[in-house]
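First the structure, in the form of structure tokens, and then the observations on it.
Computed over heavy atoms, backbone and side chain alike; hydrogens, waters and symmetry mates excluded. Chain letters run A, B, ... following the sequence lines, proteins first and then strands; every chain starts at 1.
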Protein chains: 2
Amino acid sequence: MSNLSVVELPVLNQPDEAVAPCCPPLNERPLSAEEAERTAKMFKALGDPVRLRLFSLVASHEGGEACVCDISDVGVSQPTVSHHLKKLKDAGLLSSERRGTWVYYRVEPSVLAAMGQLLTTAAR
Amino acid sequence: MSNLSVVELPVLNQPDEAVAPCCPPLNERPLSAEEAERTAKMFKALGDPVRLRLFSLVASHEGGEACVCDISDVGVSQPTVSHHLKKLKDAGLLSSERRGTWVYYRVEPSVLAAMGQLLTTAAR
DNA sequence: TGTCAATATTGACATCCATCGATACCGCCT
DNA sequence: AGGCGGTATCGATGGATGTCAATATTGACA
């Protein structure tokens with residue numbers, strides 16, 4: 001075990017079935033059923049207009065972070081906003097943190113980058 | 001009706017509100033409701049495991065093109081495969097062409113690239 | 001401790017959607 | 001023309017999902 005710098009684990013640290021190397025580029029080889037299952041979840045999370053707007057609101061907020069109160073004006077009720085934020089979180093695209101009365105959501109850059117590469121690499 | 005090659009339309013060329021610049025990067029500014037509506041359709045198209053596999057099968061096939069007969073083995077019935085391919089086509093991610101008995105689907109690289117940039121830019 | 005504001009959860013409901021079998025359409029071949 | 005293989009469409013069905021009102025939870029503050 002020489003100098004394998006054990007590495008600072010990159011932000012997301014679920015032990016197994018984690019997020020970072022979610023899959024090869026879409027044109028490298030056919031996705032297996034399991035890979036497709038995992039990856040489709042992320043795309044599906046962005047596949048709803050309200051969720052996409054919420055995500056964009058968080059991502060475009062300063063510091064890639066926003067309080068729920070800052071982004072709740074998307075034309076649906078408060079429970080619905082909460083429900084969608086939960087789904088984005090479950091998909092691994094957002095993380096949340098409570099600070100006093102407010103809850104802040106922030107984007108998970110590594111996951112996003114992985115999804116992006118899935119597509120841009122496939123686009124050549 | 002001579003051989004008036006009426007011009008090879010460059011695949012994506014709609015003057016405005018077309019496909020290519022479907023939206024700003026997700027972190028540049030909040031998406032409008034209409035932008036979100038349009039963009040979510042594409043993500044939703046990739047948000048199903050079977051469709052994602054079909055897409056990957058086409059994308060990873062030589063020339064980014066495949067006959068339906070080449071990619072029909074994803075564990076669902078033939079009508080279901082056809083249905084999913086239609087959805088991918090409607091979302092602008094695939095195009096199709098009949099050649100004799102067979103129908104060939106191919107990836108639409110520009111749309112894919114646009115989606116990729118939506119994400120990779122947002123990931124910084 | 002009690003109240004209030006912010007967020008999450010629950011339960012109900014309507015709509016959407018993935019799936020299938022049956023069938024129609026389309027080209028090729030004899 | 002008729003048959004046949006490949007693909008698309010139709011209609012039905014069960015399950016997933018977006019939405020809301022009502023309610024619970026959480027933390028701040030008087």
Side-chain angles (χ1 to χ4, degrees), chain A residues 31 33-58 61 65-107, chain B residues 31 33-34 36-58 61 65-106:
Chain A
L31 258 47
E34 297 76 27
E35 288 170 332
E37 204 83 37
R38 268 185 290 138
T39 308
K41 276 191 188 125
M42 306 188 204
F43 283 116
K44 185 186 250 177
L46 294 180
D48 177 89
V50 174
R51 277 199 297 271
L52 194 55
R53 280 186 85 189
L54 286 170
F55 184 87
S56 172
L57 278 161
V58 173
H61 213 262
E65 167 181 285
C67 166
V68 177
C69 59
D70 289 329
I71 59 175
S72 294
D73 199 19
V74 287
V76 294
S77 70
Q78 178 269 320
T80 302
V81 169
S82 192
H83 169 248
H84 283 310
L85 287 173
K86 182 179 168 57
K87 286 213 147 185
L88 286 167
K89 192 178 165 183
D90 288 347
L93 302 180
L94 294 180
S95 59
S96 72
E97 180 192 356
R98 173 154 224 144
R99 278 182 228 146
T101 306
W102 299 276
V103 176
Y104 290 79
Y105 282 81
R106 61 167 44 254
V107 304
Chain B
L31 258 47
E34 296 77 26
E37 204 82 39
R38 265 186 292 140
T39 309
K41 277 191 190 127
M42 305 189 205
F43 283 115
K44 184 184 248 177
L46 295 180
D48 177 89
V50 174
R51 275 199 299 271
L52 194 54
R53 281 187 85 188
L54 285 171
F55 185 86
S56 172
L57 278 161
V58 173
H61 212 263
E65 166 182 287
C67 166
V68 176
C69 58
D70 290 329
I71 59 175
S72 294
D73 199 17
V74 288
V76 295
S77 69
Q78 178 268 323
T80 302
V81 169
S82 192
H83 170 247
H84 282 310
L85 287 173
K86 181 178 166 61
K87 286 213 148 183
L88 286 166
K89 191 178 166 184
D90 289 346
L93 300 180
L94 293 180
S95 59
S96 72
E97 180 194 355
R98 174 154 223 144
R99 278 184 229 145
T101 306
W102 299 277
V103 176
Y104 290 80
Y105 283 79
R106 59 168 44 253

Whole-Å distance between [N] [atom2] and [X] [atom1]?
X	N	atom1	atom2	result
B:Leu88	D:dA8	CG	P	12 Å
B:His83	D:dA8	NE2	P	12 Å
A:Asp48	C:dC16	CG	C1'	12 Å
A:Leu85	C:dA6	CG	P	16 Å
B:Leu52	C:dC17	CG	P	18 Å
B:Arg53	C:dT19	CZ	P	12 Å
A:Tyr105	C:dA8	OH	C1'	8 Å
A:Arg98	C:dA5	CZ	C1'	11 Å

On the nucleotide [N], are OP1 or OP2 found under 4.0 Å from the side-chain N or O atoms that [X] carries?
X	N	result
A:Lys44	D:dA16	no
A:Ser82	C:dA8	yes
B:Tyr104	D:dT7	no
B:Ser77	C:dC20	yes
A:Arg51	D:dG18	yes
A:His84	D:dT17	no
A:Thr80	D:dT19	no

*B:Arg99 to B:Tyr104, cation-pi by 6.0 Å centre distance and 45° axis angle*: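 Output yes; distance and angle both within limits.
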
Pairwise side-chain contact, [X] with [Y], heavy-atom cut-off 4.5 Å (strictly under):
X	Y	result
A:His61	A:Asp70	yes
B:His84	B:Asp48	yes
B:Leu54	B:Val81	yes
B:Cys69	B:Trp102	yes
B:Leu94	B:Arg106	no

*First of A:Gly100 and A:Pro79 reached from the 5' end of DNA chain D, by closest nucleotide*: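 Its nearest nucleotide lies further toward 5', so the answer is A:Pro79.
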
*Using five base pairs at each end, measure the axis-to-axis angle across the helix from C:dT1-D:dA30 to C:dT30-D:dA1 and round it to 10 degrees.*
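Helix axis angle between the two ends: 10°.
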
*With a non-hydrogen cut-off below 4.0 angstrom, is A:Lys87 in contact with a base, only sugar-phosphate, or nothing?*
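Sugar-phosphate: the residue A:Lys87, judged by heavy atoms under 4.0 Å, touches backbone atoms but no base.
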
*Give B:Val50 one of three labels, base, sugar-phosphate or nothing, depending on what nucleic acid heavy atoms sit under 4.0 Å from its own.*
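Since only primed, P, OP1 and OP2 atoms lie under 4.0 Å of B:Val50, the category is sugar-phosphate.
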
*Give a yes or no on whether a donor-acceptor pair under 3.5 Å exists between the nucleobase atoms of D:dA8, that is its base, and the side chain of B:Gln78.*
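Yes, the side chain and the base share a sub-3.5 Å donor-acceptor pair.
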
_Donor-acceptor contact present, side-chain B:Thr80 to main-chain B:Val76, <3.5 Å_ =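 Such a contact is absent between B:Thr80 side chain and B:Val76 backbone.
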
*Inspect the surroundings of CG in B:Asp73 and state if more than 12 heavy atoms from other residues, nucleotides or ligands are less than 6.0 Å away.*
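Counting neighbours around CG of B:Asp73, 12 or fewer heavy atoms of other residues, nucleotides or ligands fall under 6.0 Å, so no.
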
